[in-house]
Colleague: 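Take this structure first; my questions come after.
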Protein chains: 2
Amino acid sequence: MPVWQQIAEELRAGITDGSLPPGTRLPTEADLTERYQVARNTARQAISALVNEGLVIAARPRGYFVRDRRPLEYRPQQEFRPRPLSPEMDVFLAEHSATGREPMQTIEVAIVEPPTDVKRRLRLADGEFTVVRRRVRYLDGEPYNTNDSYFPLSLAQDSEIMRPDDIARGANQVLAEKGFLQVRALDEIYVRMPTPIETQRLQLGPGTPVAYHVVTGFTEDGRPIRVVLNVLPGDRHVIAFERLRLPSDPAEAP
Amino acid sequence: MPVWQQIAEELRAGITDGSLPPGTRLPTEADLTERYQVARNTARQAISALVNEGLVIAARPRGYFVRDRRPLEYRPQQEFRPRPLSPEMDVFLAEHSATGREPMQTIEVAIVEPPTDVKRRLRLADGEFTVVRRRVRYLDGEPYNTNDSYFPLSLAQDSEIMRPDDIARGANQVLAEKGFLQVRALDEIYVRMPTPIETQRLQLGPGTPVAYHVVTGFTEDGRPIRVVLNVLPGDRHVIAFERLRLPSDPAEAP
DNA sequence: TAGTGGTCTAGACCACCTA
DNA sequence: AGGTGGTCTAGACCACTAC
């Protein structure tokens, strides 16, 4: 095993077995260089592996620190659940103001030609446009996730969806009032490393993967009316949902 | 912007815009060293960033190659769905043999003291034991995911669950026949970089995050009877599920 | 302003696989 | 056998920020 991996392994062991609890300062590069009698680059390579795994964070010039991770719950299902409504406050804001954290979101609305994955899911023809509501959500000033909702222009036009404000009753309610009630949603979750743009928008540290959560909403007759692209930093979320056995289901499992 | 990031950015752009399609060979380190007039380590740092992002793979000594990624569908919901049963074949095997891929799994059964997260979810006291069925699933010879199912020893004892074989009708059916019908499941999905053990067990390349999918199954009266820990490599899966609007739900959305 | 990590250079030797 | 990436050394200068 290469020297740098041995060094990394010793530090990793300390982190996982609790002898280096979150917040602990790691030895400096100079310390490691001397302790293991290696070149500085070798010590750096060891630490950089830990940084890439998301275990350690560099806080220049104070040194490297063991990272503290405490994910939040993220429930795709809340969409179909009753919720306490505060006037002028949407789901995200309402949910988290209860837990004592300071929620905030930026909203930006634009009319755009949709990206290909959105286009396909909304079954749009070439040249058809969409309305996109781009939101970045913050909790206690830290970016929490991004949420880009796409609607066919024909459905969203001249509705509250076009206004860059919170929609307290939710965009789906707006669509429902126009005759498009969403009764089914398809969720897809991809797990990958972030793009540089996502890294910037969400202020991600190195070694932080993201969940890319795509929701497609359908009406009763199977028409897609809404696609949401969520980007959830892995170190800040647990995705949770619940499944109930339907009366028609057999009693089986993998 | 540091030189190595500029180099990485140019290569990344080529990969994402399609001018460097999957399978393409990247310039060698020597090429980059000369083209950008930098030291070899600088070129290496650029490429290593791409490797860490999972975009590129090193195939020594042939060079670096643009990675090909084609995820498979993973549906937690299949558990509550009717499925075509082939005798002696469990869900995983039955599902994928249809698609022309070669499924295979290794099964290992053990009686263990459960890890703390399992213990908590099964509400076990100290010293209580569990039966764990550890499976590694392969498709066309490549590891696909791991699936460790934990059952309270008292429930699984003296049942087929203890035998290291496929259970064609599913472990849940076995439990149901003993009077423990699972009617509800709680899913939690964590996104993170793999541990070294997971890296080894799933033969993960660098820069491959995993989804850690925990399922807790409950009976009608809320007793937890089963915890499943799935580890899904991000480059090999899409997690997909569907949500239906219940009659009692309001017509709302985030 | 001292000390930290961030970047970069210029060399060296090695293991491994493909041709 | 030759070329590839993998590892490592020994230096250098810089930017940032806590003190």
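Here is how names work: the chains are called A, B, and so on, in the same order as the sequence lines, proteins then strands, and each is numbered from 1. Here the structure is a predicted model, which is why all the values come from computation and not from measurement.
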Colleague: Quick one: does any side-chain atom of A/T130 pair with a main-chain N or O of A/V112 as donor and acceptor, under 3.5 Å?
Modeller: yes
Colleague: For the residue pair B/V228 and B/N147, establish whether any side-chain heavy-atom pair is separated by less than 4.5 Å.
Modeller: yes
Colleague: Test your reading of the model: is there a side-chain donor-acceptor pair from A/T208 to the backbone of A/L204, 3.5 Å cut-off?
Modeller: no
Colleague: What one-letter contact string describes nucleotides 4-13 of chain D from 5' to 3', where B marks a base within less than 4.0 Å of any protein heavy atom, S marks contact via sugar-phosphate atoms alone, and - marks no contact?
Modeller: BBBBBBB-B-
Colleague: Check whether the side chains of B/Y212 and B/D117 place a donor and an acceptor atom closer than 3.5 Å, and report yes or no.
Modeller: yes
Colleague: Is the side chain of B/R133 donor-acceptor paired with the backbone N or O of B/D165 at a distance under 3.5 Å, no angle test?
Modeller: yes
